[in-house]
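One structure is given below, encoded as C-alpha cells.
As the structure is a computational prediction, the values presented were derived from the model and not from experiment. Lettering follows sequence order; numbering is per chain, from 1.
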There are 2 protein chains.
Amino acid sequence: MAQATGGPASGETLLFLTDEQLRKGIEAMFFAYRSFTADPDRILEGMDYGRAHHRAIHFIHRSPGTTVNNLLAILGVTKQSLNRVLRALIGDGLVESRVGRQDKRERHLHLTAKGEGLERALSDAQRARMRAAYRAAGPEAVQGFRQVLEAMMDAEARRQYQSLKEGGA
Amino acid sequence: MAQATGGPASGETLLFLTDEQLRKGIEAMFFAYRSFTADPDRILEGMDYGRAHHRAIHFIHRSPGTTVNNLLAILGVTKQSLNRVLRALIGDGLVESRVGRQDKRERHLHLTAKGEGLERALSDAQRARMRAAYRAAGPEAVQGFRQVLEAMMDAEARRQYQSLKEGGA
DNA sequence: ATTTTATGTCAGCCTTGTTGACTTTCCAAG
DNA sequence: CTTGGAAAGTCAACAAGGCTGACATAAAAT
C-alpha cells in the first residue's frame with residue numbers, strides 16, 4: 001500500500017503488478033489446484049464417491065453437528081445437490097443425521113467412525129502434499145501464500161473462511 | 001530448508017507445519033479458488049459457454065498456433081471433451097483451426113478477433129481480482145504465494161507451468 | 001505397402017450442478 | 001388452536017463437462 005500510493009511506478013516497486021506477473025499467478029492457481037485435488041480424487045475413484053462427497057465429509061468433520069443449511073451455505077450448492085450426496089453418505093453409514101434437540105426440524109450432521117476413517121485417509125493425503133509444499137517453500141512463503149489467497153476471496157467467502165479458522169463445533 | 005534440517009522442532013520454527021496450519025491452507029485453497037473462478041463464470045453464464053471454454057480460450061491465447069494435442073496435454077482432458085468445446089468455439093467464430101504447413105495432420109489453433117475480445121473480457125476480470133489481491137498483500141507475499149503453489153504442483157503440472165512461464169508462441 | 005500419429009466424430013454413460021414443484025415437520029404468531 | 005412460514009427432504013427433468021469405446025480419415029513414418 002505504501003508503494004501504491006507513492007505516485008507513479010518508481011523503479012521496480014510495482015513490477016509485481018504487471019499483466020505478465022498476474023498471468024503467471026492465474027496459471028499457478030490453475031495448475032496448483034489441479035494437483036491439490038488429485039490425491040483425494042485418486043482415493044475416491046473406484047468408490048461411488050467424488051469430490052462433492054469429499055467436500056461434505058471435510059466440512060462435517062471440521063464442524064461436527066453442523067446443520068444442513070450451514071453446510072449448504074459453506075459449499076455454495078443447492079439443497080438438492082447436497083441432499084443427493086448426503087443421502088449416499090448416510091445410507092452407507094459414513095454420516096449420521098441427528099434431529100435437533102431445540103429445533104427438531106434441523107438435522108445435525110456427524111461423521112461415524114467409518115466416516116472419520118475415510119476423512120482421515122483423504123485429509124492425510126491432502127495434508128501430505130501441503131506439508132511438502134510448505135516445507136519446501138518455508139514459513140515466510142507460507143505466510144505470503146495465505147495472505148494472497150485470503151485477499152483473493154470475495155467478502156462472503158472470506159467471512160466463511162475466517163469463521164472456520166478458529167473455533168471447532 | 002535450513003530450519004527443516006536443523007534437527008527437532010526447536011521453538012516455533014516448525015509451527016507452520018502443524019496439522020492446524022495445513023488445514024487452514026487447504027481451506028484457503030478451497031475458498032480462494034471458488035472466488036478466483038467466479039468472475040469469468042459470471043461473464044460466461046448466459047452465453048453457451050462454461051469454464052471449459054474459458055480454459056481453452058486462455059491457453060490458445062497464451063500459445064497461439066498450439067496444436068490440439070498440445071492443448072489436450074495442458075488441459076488434461078480427453079480429445080472428445082476438448083473437441084466438443086473446440087467445435088463450439090470454431091463454429092461460433094472465436095477460434096480458427098489452421099491445417100499445419102509442415103505436418104498437415106496437425107491443426108494449429110488461433111483466436112479470431114472475436115475470440116480475442118472474449119479472452120480480454122475474461123482475463124480482465126480475473127486479472128483485476130488478482131491485481132487487487134497482489135496489491136493488498138504486497139510483493140513479498142506474492143513471491144511466497146507463487147513459491148507455495150509451485151511446490152504444490154506435481155512434477156508434470158510444474159513442467160507444464162514452467163514451460164508456459166517464459167516464451168510465447 | 002503398412003503402420004503409426006493426429007484429428008475428428010458418434011453414441012452412450014457418469015457426476016454434479018441447476019430449477020421447479022411438492023410434502024412433511026415443526027416453530028411461532030395470531 | 002389454527003395458521004403461516006421456515007427447515008428439510010424428495011421427485012422429475014435437464015445441462016455442462018468429464019469419461020470410454022468404436023470408428024473414419026489423412027498424412028507422416030517406417
Side-chain angles (χ1 to χ4, degrees), chain A residues 30 33-34 37-38 40-60 65-92 95-110, chain B residues 30 33-34 37-38 40-60 65-92 95-110:
Chain A
F30 172 75
Y33 196 79
R34 185 158 71 190
T37 57
D41 284 356
R42 252 190 304 276
I43 293 173
L44 290 165
E45 98 181 349
M47 306 192 190
D48 283 352
Y49 305 136
R51 217 174 280 181
H53 302 82
H54 179 196
R55 291 195 285 258
I57 287 172
H58 175 95
F59 285 109
I60 293 171
T66 189
T67 64
V68 172
N69 250 9
N70 282 169
L71 204 49
L72 238 40
I74 285 186
L75 296 177
V77 299
T78 60
K79 66 175 177 173
Q80 291 91 331
S81 284
L82 178 57
N83 191 255
R84 177 171 33 200
V85 166
L86 285 180
R87 209 185 317 159
L89 294 174
I90 292 168
D92 295 347
V95 168
E96 196 186 346
S97 170
R98 300 182 195 157
V99 173
R101 283 188 303 178
Q102 276 140 34
D103 186 336
K104 294 181 195 164
R105 292 168 302 183
E106 296 180 340
R107 300 303 138 94
H108 297 272
L109 303 169
H110 299 263
Chain B
F30 172 75
Y33 196 80
R34 184 159 70 190
T37 57
D41 284 355
R42 252 188 305 276
I43 293 173
L44 290 165
E45 95 181 352
M47 304 192 189
D48 283 352
Y49 305 137
R51 217 173 280 181
H53 302 81
H54 179 196
R55 291 194 285 257
I57 287 172
H58 174 95
F59 286 109
I60 294 171
T66 189
T67 64
V68 173
N69 252 6
N70 281 168
L71 202 50
L72 238 38
I74 286 186
L75 296 176
V77 298
T78 60
K79 68 172 178 174
Q80 292 92 330
S81 287
L82 177 57
N83 191 254
R84 175 171 35 198
V85 166
L86 284 181
R87 209 185 315 162
L89 293 175
I90 292 169
D92 295 347
V95 168
E96 195 187 347
S97 169
R98 300 182 196 157
V99 172
R101 283 189 303 177
Q102 278 142 31
D103 187 335
K104 294 181 196 165
R105 291 170 304 180
E106 296 180 341
R107 300 302 139 92
H108 297 272
L109 303 170
H110 299 262

Return whichever of A:Asp48 or B:Asn83 has its heavy-atom-nearest nucleotide of DNA chain C closer to the 5' end.
B:Asn83

Could you write out each protein N or O paired with an N or O of nucleotides 25-30 of chain C at a distance under 3.5 Å?
none

Please state whether the phosphate of [N], meaning OP1 or OP2, lies under 4.0 angstrom from any side-chain nitrogen or oxygen of [X].
{"X": "A:Thr78", "N": "C:dG17", "result": "no"}
{"X": "A:Ser81", "N": "C:dT18", "result": "yes"}
{"X": "B:His53", "N": "D:dG17", "result": "yes"}
{"X": "A:Arg55", "N": "C:dG17", "result": "yes"}

Please classify the nucleic acid contact of B:Arg87 as base, sugar-phosphate, or nothing, using heavy-atom distances under 4.0 Å.
sugar-phosphate

Between [atom2] of [N] and [atom1] of [X], the distance in whole Å:
{"X": "B:Leu89", "N": "D:dG17", "atom1": "CG", "atom2": "C1'", "result": "13 Å"}
{"X": "B:His108", "N": "C:dA6", "atom1": "NE2", "atom2": "P", "result": "12 Å"}
{"X": "B:Lys79", "N": "D:dG17", "atom1": "NZ", "atom2": "C1'", "result": "18 Å"}
{"X": "A:Ile90", "N": "D:dT10", "atom1": "CD1", "atom2": "P", "result": "8 Å"}
{"X": "B:Leu109", "N": "C:dT7", "atom1": "CG", "atom2": "P", "result": "8 Å"}
{"X": "B:Ile57", "N": "D:dG17", "atom1": "CD1", "atom2": "C1'", "result": "15 Å"}
{"X": "B:Glu106", "N": "C:dT4", "atom1": "CD", "atom2": "P", "result": "19 Å"}
{"X": "B:His54", "N": "D:dG17", "atom1": "NE2", "atom2": "P", "result": "13 Å"}

Where do [X] and [Y] come nearest, in terms of heavy atoms and distance?
{"X": "A:Ser97", "Y": "A:Ile90", "answer": "CB-CD1, 3.8 Å"}
{"X": "A:Leu71", "Y": "A:Thr66", "answer": "N-OG1, 4.2 Å"}
{"X": "A:Ala52", "Y": "A:Val85", "answer": "CB-CG2, 3.8 Å"}
{"X": "A:His108", "Y": "A:Gly65", "answer": "ND1-O, 2.8 Å"}
{"X": "B:Asp41", "Y": "B:Thr37", "answer": "CG-O, 3.0 Å"}
{"X": "A:Lys104", "Y": "A:Val99", "answer": "O-CG1, 3.3 Å"}

Give the nucleotide from the list D:dA22, D:dG9, C:dG17 with an atom nearest to the side chain of A:Ser97.
D:dG9

I'd like to know if the side chain of A:Arg34 and the backbone of B:Leu75 have a donor-acceptor N/O pair within less than 3.5 Å.
yes

As a test of understanding, state which of A:Thr67, A:Leu89, A:Leu86 forms a side-chain contact (heavy atoms from CB on, under 4.5 Å) with A:Leu109.
A:Leu86

Between A:Phe59 and B:Phe30, what is the ring plane arrangement, given parallel below 30°, perpendicular above 60°, and tilted in between?
tilted

Evaluate the ring planes of A:His53 and A:Tyr49, with Trp represented by its six-membered ring, and classify them as parallel (under 30°), tilted (30 to 60°) or perpendicular (over 60°).
tilted

Near DNA chain C, counting only heavy atoms under 4.0 Å, which residues of residues 65-77 of chain B show up?
B:Thr67, B:Val68, B:Asn69

Within the modelled atom types, does a donor on one side and an acceptor on the other bring the side chain of A:Arg51 and the base of C:dG17 under 3.5 Å apart?
no

Identify, between B:Gln80 and B:Arg84, the residue whose nearest nucleotide on DNA chain D lies closer to the 5' end.
B:Arg84

